[in-house]
Amino acid sequence: MKQLIATRLFQLVAVVLIVGSISFALMYFLPGDPALRIAAGRYGPDMMDNAISDMVRAELGLDQPVLFRFLAWMGDLIRFDLGHSLVSGAPVLHEIALQLGYTLWLAALAFVLALVIGPLVGAIAGLFPGSIFDRVSLLVAVALRAVPPFVLAIVFMMVFGVTLRWFPTAGFGGWSNMVLPSLTLALGLAAMSSRVMRDAMSEVAASPYFAHGRYKGLSDRTVVMRHGIRNASLPVVTYLGLQMVYLVEGVVVVESIFAFPGIGHALVHAIIARDVPMVQGTALAMGGLFVLLNIIVDLMCLRLDPRLGRRAA
Amino acid sequence: MTQSVLRNLCASAGILALTMTTGFSAPVMAAADDEVLDIASPLEISGLDPAKSGYVFSRMQAAETLFTVNRQGQLVPMLASDTHVSDDGLIWHIELRDGVEFHDGSAMTAEVVASDLKRAFDRPGVLGRAPITGISAEGNEVVITLSEPFSMLSAFLAHYSTIILAPKSFDEVGDVTAIIGTGAYRVDEVIPPLRVGMSAFENWWNGKAEIEKVSYLAVSRGETRAMMAQSGDADLVLSLLPVAVNQLNNDPSVNVEIATIPRTRLLKFDVSKPFFDDVIERQALSLAIDRKAIAAVVMRNVDLAATQMFPPSIVGWNNQQIPAFEFDPQKARDLLAEAGWVEGSDGILEKDGKRFSITLRTYASWPDLPLIATALQNQLKAVGINLEISVGSYTEIPSGHADGTLEIALITRSFSMVPDPLATVMADYGPGGADWGAMNWNNDEAADLLAALGRTTDSAVRADMQNQLTSILQYELPTIPVVWSELAVATTDKLENLFVDPFEQNYYLSDLRWVK
């Protein structure tokens with residue numbers, strides 16, 4: 001296990017360097033004048049013009065050679081200094097800490113909801129393959145996965161916000177504000193994980209050890225909980241780790257629609273405004289988060305299936 | 001088999017769903033009836049510096065400027081009380097209002113105001129464009145010296161980048177760390193880029209505001225803002241999309257107010273290019289545009305079809321004496337023929353072997369612009385002009401202007417950033433034009449009028465000169481106005497006394513009150 005963690009931490013450092021360098025290069029090669037974009041991000045379309053962008057260029061030293069700016073960034077990174085936002089002027093670390101906090105809450109709630117909904121529906125469908133429940137859950141899962149998150153978000157806002165008035169349509173600050181955005185994200189995740197769980201559960205239910213458990217007199221509940229859920233959840237947990245990509249992608253869209261101040265919202269604005277330190281900072285945070293979550297998934301898999309640890313040893 | 005398992009799983013799901021709905025719904029319903037004024041607006045807070053997001057804090061009456069625009073559209077003192085200008089127009093003595101207190105309890109003195117204005121002058125913003133040579137404090141007055149007479153100084157001092165903040169708003173290097181203003185509302189919290197929380201300031205010089213608490217949320221998406229109005233999550237929703245206005249008009253719990261604002265969607269083009277160098281070519285282009293159709297379909301209000309550059313709401317600049325723009329495609333074809341353009345084999349006009357095929361740049365940050373561009377593409381094709389549309393960032397307009405690659409662009413231009421349209425007109429239609437105005441257009445008569453207007457404060461003299469200038473713009477067409485704009489604002493029926501400011505300087509929150 002220690003070796004696994006050490007390997008993953010090494011990967012984390014590699015991800016940080018690669019993601020930072022690639023995001024720097026991508027921002028550099030994007031067409032258009034970065035000074036104009038930054039001026040637009042700071043002062044808005046009605047105030048922004050070439051004179052103001054020249055002031056921004058001089059202030060930020062955007063005329064300096066690109067290699068010099070890249071090495072300066074690397075030097076700052078080694079000192080754990082991510083710099084200042086070129087738009088707001090605030091330290092990137094401070095901005096990310098604020099925004100990432102909201103995103104983590106949102107992502108965590110979505111993840112927990114997905115964990116509850118997906119495997120639960122999948123387990124029932126897997127125990128009764130070919131039943132009406134199985135077929136309906138397949139239909140719903142396909143529909144939820146096919147519908148883009150922004151459409152799902154608007155439907156939820158109309159139904160639960162405007163018509164039923166159960167939850168706020170947008171905004172942040174209270175736990176009730178988290179429900180619709182996290183549900184939007186969770187259902188996309190749950191749609192897929194339910195099918196993975198369904199197939200895994202169906203396979204486990206048909207396995208000799210499952211039948212053996214019942215033949216030796218264990219109750220249905222004990223057989224499912226002891227031999228079914230644990231064995232079937234292994235591919236689901238692995239799959240949910242991969243689904244983090246969907247979560248990151250979904251967060252960007254969902255935060256904008258629900259006026260939620262997360263890291264996805266910050267990243268989109270930073271890219272539009274060519275706020276390179278913010279782009280690098282948010283990309284680093286997202287990349288790092290992805291590695292960390294995968295470490296957790298690996299550890300969960302080890303816990304669920306101790307044979308994996310013995311094989312590695 | 002496993003019926004009991006199924007029962008258990010279903011029961012778990014049921015309990016979870018019940019917990020979610022019953023547990024979550026109670027506090028939310030309570031929140032919807034609270035006494036906090038919830039505002040939803042598209043404007044995000046990109047930073048605390050006045051030049052960046054000062055408009056949010058000035059419109060919400062957290063911070064104030066020396067001058068402002070009143071409900072009649074007139075420029076009037078706000079934190080200033082009186083102004084005396086020397087005979088040569090070079091020294092302005094601006095007397096400050098007595099007894100004004102900042103939100104931290106400190107007094108607004110001439111020294112503080114002079115320091116704030118010097119800071120605004122040195123940083124990006126409008127004040128740097130004024131011919132200011134010095135700013136100082138004398139007793140209860142701020143004295144501004146100029147290198148030449150400048151009639152728009154008081155309008156510049158109404159711009160949000162010149163809001164007056166307490167000394168404790170700044171850190172040791174002069175960066176803004178808090179908004180401590182003099183307005184009706186004290187800023188309690190700012191969570192950039194989306195939220196501002198405020199509460200009524202007891203010692204506001206104009207009396208305490210009616211509503212105690214205000215919560216501002218930046219909501220960039222128009223659909224979300226409309227739904228917040230319908231659901232009652234927002235009491236005041238600003239900048240509704242045209243499509244949402246009809247929808248909300250049918251909702252009895254929502255009131256919609258609309259004002260025509262000094263913002264025009266217009267075509268900007270390089271007058272030195274062979275497509276636009278002859279005035280009759282520009283007139284033909286204008287005649288080919290069916291503005292009423294665009295206004296009716298895209299803007300959802302036929303009255304927004306531009307008849308001239310300035311809408312009737314801009315008193316002194318809307319010229320009643322000039323003929324309105326017409327839609328006459330046949331006349332457009334005739335004028336283009338007169339300019340030497342002949343129809344090619346594919347129906348597109350040609351002159352000296354060059355096709356009348358041009359690229360129109362526009363941007364999607366105003367959702368209607370790409371739609372208008374598509375309509376223009378069809379309408380101009382009918383007179384033999386091929387328009388390729390390029391939708392990108394709005395920064396491509398000034399960059400295309402600077403490097404000369406811009407052929408034609410569809411833009412939106414506000415004439416109320418400084419609440420005297422002359423400031424924008426002078427920048428945009430002076431010799432050579434400007435990033436957001438004419439391009440390579442030079443007109444000596446217009447240049448002389450602009451220079452004279454910049455020196456003149458006499459309103460009668462100015463009115464005559466403004467009429468001459470708008471006549472030139474109407475005939476010469478250095479840019480071609482297409483449609484005007486409106487500001488649609490929605491309120492819940494529990495709020496009253498709303499005023500929609502066409503100059504977008506003030507939301508007048510201090511006048512709002514709950515319906516008893």
Side-chain angles (χ1 to χ4, degrees), chain A residues 32-33 36-37 39-53 55-56 85 87-90 95 98 116 120-121 123-124 127-128 154 157-158 161-162 165-176 179 214 219-221 223-224 256-261 265-266 269 272-273, chain B residues 1-6 8-10 12-13 16 20-21 24-25 27-29 31-32 40 44 46-49 51-52 55 124-126 161 175 191-195 217-221 223-224 227-228 230-233 365 392-396 398-399 401-402 412-414 417 434-436:
Chain A
D33 181 357
L36 268 172
R37 294 294 182 99
R42 283 185 182 184
Y43 306 112
D46 289 321
M47 277 287 287
M48 184 272 301
D49 59 18
N50 282 302
I52 287 183
S53 82
M55 292 174 88
V56 169
S85 162
V87 173
S88 72
E95 295 240 332
L98 180 75
V116 171
L120 183 71
V121 172
I124 299 171
L127 285 172
F128 304 98
I154 288 174
M157 289 160 92
M158 286 176 71
V162 176
R165 303 201 176 188
W166 286 358
F167 305 109
T169 39
F172 65 102
W175 53 270
S176 56
V179 177
R214 288 173 55 219
S219 68
D220 284 348
R221 180 189 163 85
V223 173
V224 170
S256 288
I257 290 179
F258 287 101
F260 204 86
H265 185 273
H269 280 251
I272 291 171
Chain B
M1 73 167 221
T2 58
Q3 291 299 316
S4 59
V5 175
L6 187 60
N8 286 340
L9 290 173
C10 289
S12 311
L16 183 79
M20 281 176 68
T21 49
F24 287 164
S25 58
V28 175
M29 294 305 286
E44 294 197 349
S46 56
L48 291 182
D49 196 281
K52 290 177 185 169
Y55 47 85
V126 296
S161 61
D175 288 335
I191 304 177
L194 300 184
R195 169 173 290 169
L217 182 69
V219 183
S220 57
R221 300 193 65 95
E223 318 81 301
T224 308
M227 282 193 270
M228 290 181 79
Q230 282 183 298
S231 67
D233 289 324
S365 45
S393 159
Y394 60 79
T395 57
E396 288 170 24
S399 71
H401 179 100
T412 165
R413 188 63 170 146
S414 166
M417 290 294 284
D435 294 345
W436 292 99

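Sequence lines set the chain letters: A, B, ... in the order given, protein chains first and strands last, and positions in each chain run from 1.
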Less than 4.5 Å apart, side chain to side chain, heavy atoms only: is that true for [X] and [Y]?
{"X": "B:Lys52", "Y": "A:Val87", "result": "no"}
{"X": "A:Met157", "Y": "B:Ser231", "result": "no"}
{"X": "B:Thr395", "Y": "A:Asp33", "result": "no"}
{"X": "A:His269", "Y": "B:Glu44", "result": "yes"}

Tell me yes or no: between the side chains of A:Thr169 and B:Asp233, is some donor less than 3.5 Å from an acceptor?
yes

What is the minimum heavy-atom distance between [X] and [Y], and which atoms define it?
{"X": "A:Leu98", "Y": "B:Pro192", "result": "CD2-O, 4.1 Å"}
{"X": "B:Gly125", "Y": "A:Ile52", "result": "N-CD1, 4.5 Å"}
{"X": "A:Gly41", "Y": "B:Ser46", "result": "O-CB, 3.5 Å"}
{"X": "A:Ala40", "Y": "B:Tyr394", "result": "CB-OH, 3.2 Å"}
{"X": "A:Ala259", "Y": "B:Leu194", "result": "O-CD1, 3.4 Å"}
{"X": "A:Ala170", "Y": "B:Leu217", "result": "C-CD2, 4.4 Å"}

Chain B heavy atoms under 4.5 Å from A:Ile272: which part of the residue, side chain, backbone, both or neither?
neither

Please state whether the side chain, the backbone, both or neither of A:Met55 comes within less than 4.5 Å of a heavy atom of chain B.
side chain

Could you check whether any side-chain N or O of B:Arg195 sits under 3.5 Å from a backbone N or O of A:Phe172, counting only pairs where one atom can act as donor and the other as acceptor?
yes

Partners passing side chain to side chain contact (heavy atoms under 4.5 Å, CB included) against A:Ser53 (at least two apart in sequence or in another chain)
A:Ala35, A:Leu36, A:Ala39, A:Asn50, A:Arg57

List for me each residue that meets salt bridge (charged side-chain N to carboxylate O under 4.0 Å, His left out) alongside A:Arg42, sequence neighbours excluded, and say none if there are none.
A:Glu59

Top contributor to chain A interface from B:Pro193, B:Ala51, B:Pro124, B:Ser161 [non-hydrogen pairs under 4.5 Å]
B:Pro124

Looking at B:Met228, B:Glu223, B:Glu396, which has the largest count of heavy-atom pairs under 4.5 Å with chain A?
B:Met228

Residue part contacting chain A, namely of B:Ala218, when any heavy atom lies under 4.5 Å
backbone

Check each atom of B:Ser220 against the heavy atoms of chain A and say whether the ones under 4.5 Å are side chain, backbone, both or neither.
side chain

Residue among A:Phe258, A:Tyr43, A:Phe260 with most heavy-atom pairs under 4.5 Å to chain B
A:Tyr43

Rounded to the nearest 0.5 angstrom, the OG-CZ distance for B:Ser399 and A:Arg37 is 8.5 Å

Roughly how far, to the nearest 0.5 Å, is the CD1 atom of A:Ile154 from the CE atom of B:Met227?
5.0 Å

